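These notes concern the structure reproduced below.
Bear in mind the structure is a predicted one, so any value in this text is a computation, not a measurement.
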Amino acid sequence: MKEKEIHKIIDKLVSNRELETAERLLENYLEVNPYDVDGWNRLIILETLSPLEDYGRASEYLYSALSYHKDNKLFFVLLVFFTDWYLGGLDEALVKKAMEIIQRIWKHHQCYLTFLPVIFEVKI
C-alpha cells in the first residue's frame, strides 16, 4: 500500500481479528486510492478470511478492482475461481471475457496457457 501507516494499522487490526474494522478502513482508503493494487489485494483476501468468508462480496470487490485495473490477470483469475467454486458457476459474460483474454494473449504465452481450456471446459 502507498501509505505505510495505514498498512501497519490494517496488519494490526487483522492480527487482532478486528476484520470488519479493517474492511471499513480499506474501503475508505480505496475510495481515495482506487489505483492501489495492493490495497485491493488486501481487501479481497480479507473478505475471504474466517469468520467473514464472503466470496460474493470478494467478487464484488474484484469487479470494482477490475474497473481500475482492467488488465490485472490475477484479479480476473480470482474472480473466475470464486464465481465457479463458491457462487455456483460461471456465467456467460465471464466465460466470454475469459475467451477474449485467451485469444488476445495466446500467441504470446502459448506454453503457459495450455491449461486454461481445461479450467473453463471449452474448446479453443
Check: Hey, what do you get for OH (Tyr29) to CG (Asp38), rounding to the nearest 0.5 Å?
Finding: 8.0 Å

Item checked: Straight-line distance of Glu47 CD to Asp54 CG, nearest 0.5 Å -> 5.0 Å

Next item on the list: Take Ile44 and Phe75 through the test side-chain contact (heavy atoms from CB on, under 4.5 Å) and record every step on the way to the result.
Entry: CA-CA 9 Å; Ile44 292 160; Phe75 288 163; 4.1 Å; yes

Check: Has the side chain of His69 got a donor or acceptor atom that lies under 3.5 Å from a matching backbone atom of Pro34?
Finding: yes

Check: side-chain contact (heavy atoms from CB on, under 4.5 Å) between Tyr61 and Leu30: does it pass, once the steps are laid out?
Finding: CA-CA 10 Å; Tyr61 289 141; Leu30 287 167; over 6 Å; no

Next item on the list: Begin with the C-alpha distance, continue with both residues' side-chain angles, and end with the deciding distance and a verdict on side-chain contact (heavy atoms from CB on, under 4.5 Å) for Leu13 and Glu23.
Entry: CA-CA 9 Å; Leu13 288 169; Glu23 179 183 22; over 6 Å; no

Check: Should Asp71 and Phe76 be marked as a side-chain contact (heavy atoms from CB on, under 4.5 Å) after you check the CA-CA gap, both sets of side-chain angles, and the distance that decides it?
Finding: CA-CA 8 Å; Asp71 294 328; Phe76 183 73; over 6 Å; no

Checklist line | Distance in Å, Ile45 CD1 paired with Leu78 CG, rounded so as to fall on 0.5 Å steps | finding: 6.0 Å

Item checked: Lys4/Asp11 salt bridge by N-O under 4.0 Å criterion -> no

Note to self: So, using ring pair (Phe, Tyr, Trp, His ring centres under 6.0 Å) as the criterion, who are the partners of Tyr55 when residues are at least two apart?
What the structure shows: Phe82, Tyr86

Item checked: Spatial distance of atom OG1 (Thr21) from atom CG (Leu26) [nearest 0.5 Å] -> 11.0 Å

Item checked: Linked, directly or transitively: Val32 and Ile10 (ILVMFWY side chains, under 4.5 Å) -> no

Margin query: Let me confirm one number: the CG-CG distance from Asn72 to Leu79, rounded to the nearest 0.5 Å.
Written below: 11.5 Å

Check: Looking only at heavy atoms, what is the nearest atom pair of Thr83 and Ser59, with distance?
Finding: OG1-OG, 4.3 Å

Notebook entry, point to check: More than 12 heavy atoms of other residues, nucleotides or ligands under 6.0 Å from CZ of Phe81: is that the case?
Noted result: yes

Note to self: Side chains of Asn33 and Glu3, heavy atoms from C-beta outward: is any pair under 4.5 Å?
What the structure shows: yes

Note to self: Tell me if a side-chain donor or acceptor on Ser67 pairs with a main-chain N or O of Ser64 at a distance below 3.5 Å.
What the structure shows: yes

